[in-house]
Amino acid sequence: MKLMKVLIVLMLVVFASTAVLAAEGGNSRKGKYLYKKNCKTCHVAGSEGGELTPLSKTQKQWDRFFNEDKHKKSPDALKKFSEKDLKDINQFLFDHAVDSDQPETCG
Amino acid sequence: MNKFLTMLMVLLLLAPATVMAATVDELQQQLDELSQRLDKAERHVATDRISWYGDLRNNAHSLHYKDVTFSPGIQVDYQDFGGKMATWGATIGAAGDTAAFDNDPTTIAVTALGRAFENFNIMAGNFSPTQAAIMGQGMANAGAGIPISPLMLAPSTRTYDIDNQILYTTRLRLGMKAKISDNMTFAGRLGMFKNWGDSTGTKVFDSWNAFTMDGTNGGNTTGDFLRVERAFFNWKHIADTNFYLSIGRRPSTYGSPSNFRENEKRGGTPTGHLVHFNFDGLTLGYKLSEVTGIEGQAIRFCYGQGFESEWGNGEMFNNETANLKDTHLGGFNIDLFDDGATLAQLTLFRAQDVVDGFKGVFAFPIEYAALFAPTLYADMQKFPTFNFNTRYTPSSVIGDINLVGLNIAHTTDSEVTVFASAAMTQLLPSGKAGMFGGLGTDAVFEARLSADGSEIYMEPVRAENSDTQEGYGLYVGLQVPAPMGKFGVEYNYGSKYWSPFTQAQDDALGSKLATRGHVGEAYYVVELNRNAFIKLSGLYYDYEYTGSGSPVGKPKKIEDVQNGKEFSLMPVVASAWDANVSFTFKF
């Protein structure tokens with residue numbers, strides 16, 4: 001039981017310090033929310049923009065899209081986002097790109 | 001002058017056309033070249049149908065076992081034993097008076113009887129007071145109408161520490177993906193897992209982890225061979241519905257929440273707390289989220305076979321082992337909610353007609369020859385480091401196992417992960433037993449006379465009881481971002497009868513999630529880049545009961561085995577720790 005107590009204390013100490021240790025870079029989960037709310041309005045099957053999912057591009061292709069292409073076909077589409085929002089969306093699409101690690105489940 | 005100006009103007013007009021013509025030619029050349037290169041790439045993609053990926057992990061462990069005890073014994077029906085001795089004795093006359101029966105084949109039995117008692121008396125002289133008391137109590141019990149009591153097989157209880165200062169392992173995994181059609185895919189994984197300096201494929205059988213078998217090969221070091229850990233197809237949107245079907249060697253290892261400590265995404269479909277085992281079978285799934293709108297919601301019926309009772313067991317001889325039942329596993333694996341950040345997962349499984357172990361191979365320990373096979377031991381003792389490889393086939397259907405578990409894992413926006421999983425296993429013994437016991441119960445041995453009458457040996461004939469036993473498991477953990485990577489702590493507990501299918505978890509000390517007792521772990525992942533990390537880890541196991549990782553046999557308090565009150569056919573560990581560092585490279 002001594003082991004349990006040590007672990008619980010360790011968990012609390014570490015948990016309390018998490019705000020300081022938050023990861024750098026875009027926030028994938030916020031990016032997912034923004035992507036679904038904004039991008040999926042045009043990029044679904046049969047729509048004008050054509051279906052687009054994170055799996056549509058590789059990680060490098062998504063980076064190129066956000067750093068160079070910047071939605072060249074319709075530049076206004078990205079203008080409504082802040083730099084932080086774009087970074088978050090980029091992070092989400094990068095993290096779930098066709099060459100990213102995927103859950104290894106069936107179905 | 002006019003002519004000159006006219007010519008100049010014509011030249012000026014023609015110049016861009018000439019330049020343009022050159023540019024178009026160049027562009028055409030570039031296009032042709034690109035087209036040729038694309039053709040090659042297209043050909044390559046079309047013929048290279050499998051997309052490969054993988055990872056390589058090298059691990060250095062320092063392993064330390066505290067208070068290891070080997071106190072072998074069996075449960076014996078003393079009334080049956082006494083009755084047989086009397087019968088055999090009466091048939092051939094007074095024990096020891098063999099001269100008159102020299103020509104009678106049953107005389108040999110007297111020799112066997114005499115040898116048995118002689119051996120027993122030698123052993124009994126070395127019993128500790130506790131062991132001698134247990135033996136005496138057994139005899140007294142038999143006289144008082146209580147037939148079954150322990151028989152200690154070793155003259156004294158040995159307790160020792162084991163320190164393996166360094167153990168190196170290498171694990172190579174090669175993942176495969178292929179597209180069959182728009183709604184069909186193939187996925188697979190080949191794996192090699194070895195400890196450095198050994199590719200024999202077997203270990204000397206000193207624990208259930210030292211058993212090379214179908215369900216745990218992926219998580220136990222075997223050698224420098226690539227094994228097929230996974231191979232299955234997915235057929236989605238069957239007949240334009242939300243049903244999918246998947247058949248093959250299942251993705252049934254490294255499931256949530258055991259994936260966080262591996263620093264990888266959910267590695268398998270069932271919860272890693274209950275199932276961490278290589279199964280062959282199928283999944284019929286339905287994407288409920290399409291109906292309910294609840295993200296990631298899916299219900300799956302899973303089915304697998306853990307033991308084939310006839311094929312390969314010498315069924316043409318029509319012997320006893322070839323007439324067992326197959327072991328089937330079936331149940332439901334339900335993702336209640338999964339949005340990538342939060343997973344709530346419910347698991348309900350039943351293993352039907354479980355046998356006393358699995359088919360597998362191991363190197364036969366000389367210690368078992370000394371206990372059970374004196375004839376074999378007579379020669380084996382001359383070759384103490386020679387272990388013959390043997391194939392084990394279960395002998396009895398010992399019952400059914402129910403498993404149920406609820407796992408909830410959540411990762412916050414700041415990449416902090418917390419999870420908790422609670423599970424229960426229920427053993428439903430059939431009353432039958434193999435050498436190592438029945439489900440959660442010991443085997444009862446009775447005396448047998450060998451075919452030529454030269455030896456009396458003990459044979460498991462039934463389970464001590466068929467009482468239903470329930471075990472409980474708890475698994476909690478926390479992972480937080482830390483400088484250069486992640487830091488995590490985990491704790492798990494398993495009760496006396498805790499019996500999950502997690503034996504393929506590749507912990508060097510044995511699956512931590514199968515432990516009947518407490519396990520604490522702390523780790524630090526240093527991420528070198530997106531595809532490479534170093535992991536420093538420490539695990540401490542505090543065992544409370546014997547039999548972690550196996551539903552076979554009655555669990556006993558570690559202290560009782562240490563002080564000779566109880567026995568175990570396997571060496572028993574009181575506590576152990578593993579300090580290790582690993583280098584993992586994904587590609």
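Here is the naming used below: chain letters follow the sequence lines, and residue numbers restart at 1 for every chain.
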What's the separation between atom SG in A:Cys106 and atom CG in B:Leu284, rounded to the nearest 0.5 Å?
10.0 Å
Using a 4.5 angstrom heavy-atom cutoff, name the option from B:Gly267, B:Gly285, B:Ser246 with the most pairs to chain A.
B:Gly267
Of the listed B:Phe232, B:Tyr53, B:Phe233, the one with the largest count of heavy-atom pairs under 4.5 Å with chain A is B:Tyr53
Pairing of A:Glu104 and B:Arg173 as salt bridge, 4.0 angstrom limit:
no
Under 4.5 Å from a heavy atom of chain A, the part of B:Thr411 involved:
both
Residues, nucleotides or ligands: over 12 heavy atoms within 6.0 Å of A:Lys87 NZ:
no
Could you tell me if the side chain of A:Phe94 sits less than 4.5 Å from the side chain of B:Arg530, heavy atoms only?
yes
Go through the atoms of B:Tyr254 and report whether side chain, backbone, both or neither lie under 4.5 Å from a heavy atom of chain A.
neither
Does any heavy atom of chain B fall under 4.5 Å from the side chain of A:Tyr33, the backbone, both, or neither of them?
neither
For the residue pair B:Asp413 and A:Arg29, what are the closest heavy atoms and their distance?
OD1-CB, 3.6 Å
By side chain to side chain donor-acceptor pair (under 3.5 Å), which residues pair with A:Asn27, not counting sequence neighbours?
none
Considering residues, nucleotides and ligands other than A:Lys60, do more than 12 of their heavy atoms fall under 6.0 Å from its NZ?
no
Inter-residue atom distance A:Asp101.CG - B:Glu264.CD, 0.5 Å rounding:
8.0 Å
Looking at residues at least two apart in the chain, or sitting in another chain, which of them share a salt bridge (charged side-chain N to carboxylate O under 4.0 Å, His left out) with B:Lys236?
none
The interface call for B:Ala187 against chain A, heavy-atom contacts under 4.5 Å, is neither
Is it the case that atom NZ in B:Lys66 sees more than 12 heavy atoms from other parts of the structure closer than 6.0 Å?
no
Where on B:Asn259 is there a heavy atom nearer than 4.5 Å to chain A: the side chain, the backbone, both, or neither?
neither
Option in B:Thr412, B:Thr269, B:Asp339 with maximal non-hydrogen atom pairs under 4.5 Å from chain A
B:Thr269
Identify the two heavy atoms, one from B:Lys265 and one from A:Asp95, that lie closest to each other, and give their separation to 0.1 Å.
NZ-O, 3.7 Å
Partner residues of B:Asp182 under the salt bridge (charged side-chain N to carboxylate O under 4.0 Å, His left out) criterion, sequence neighbours left out
B:Lys179
Give me the contact list for residues 68-81 of chain A versus chain B, heavy atoms only, anything under 4.5 Å, ordered by residue number.
none
Proximity breakdown for B:Lys486 and chain A, heavy-atom pairs closer than 4.5 Å
neither
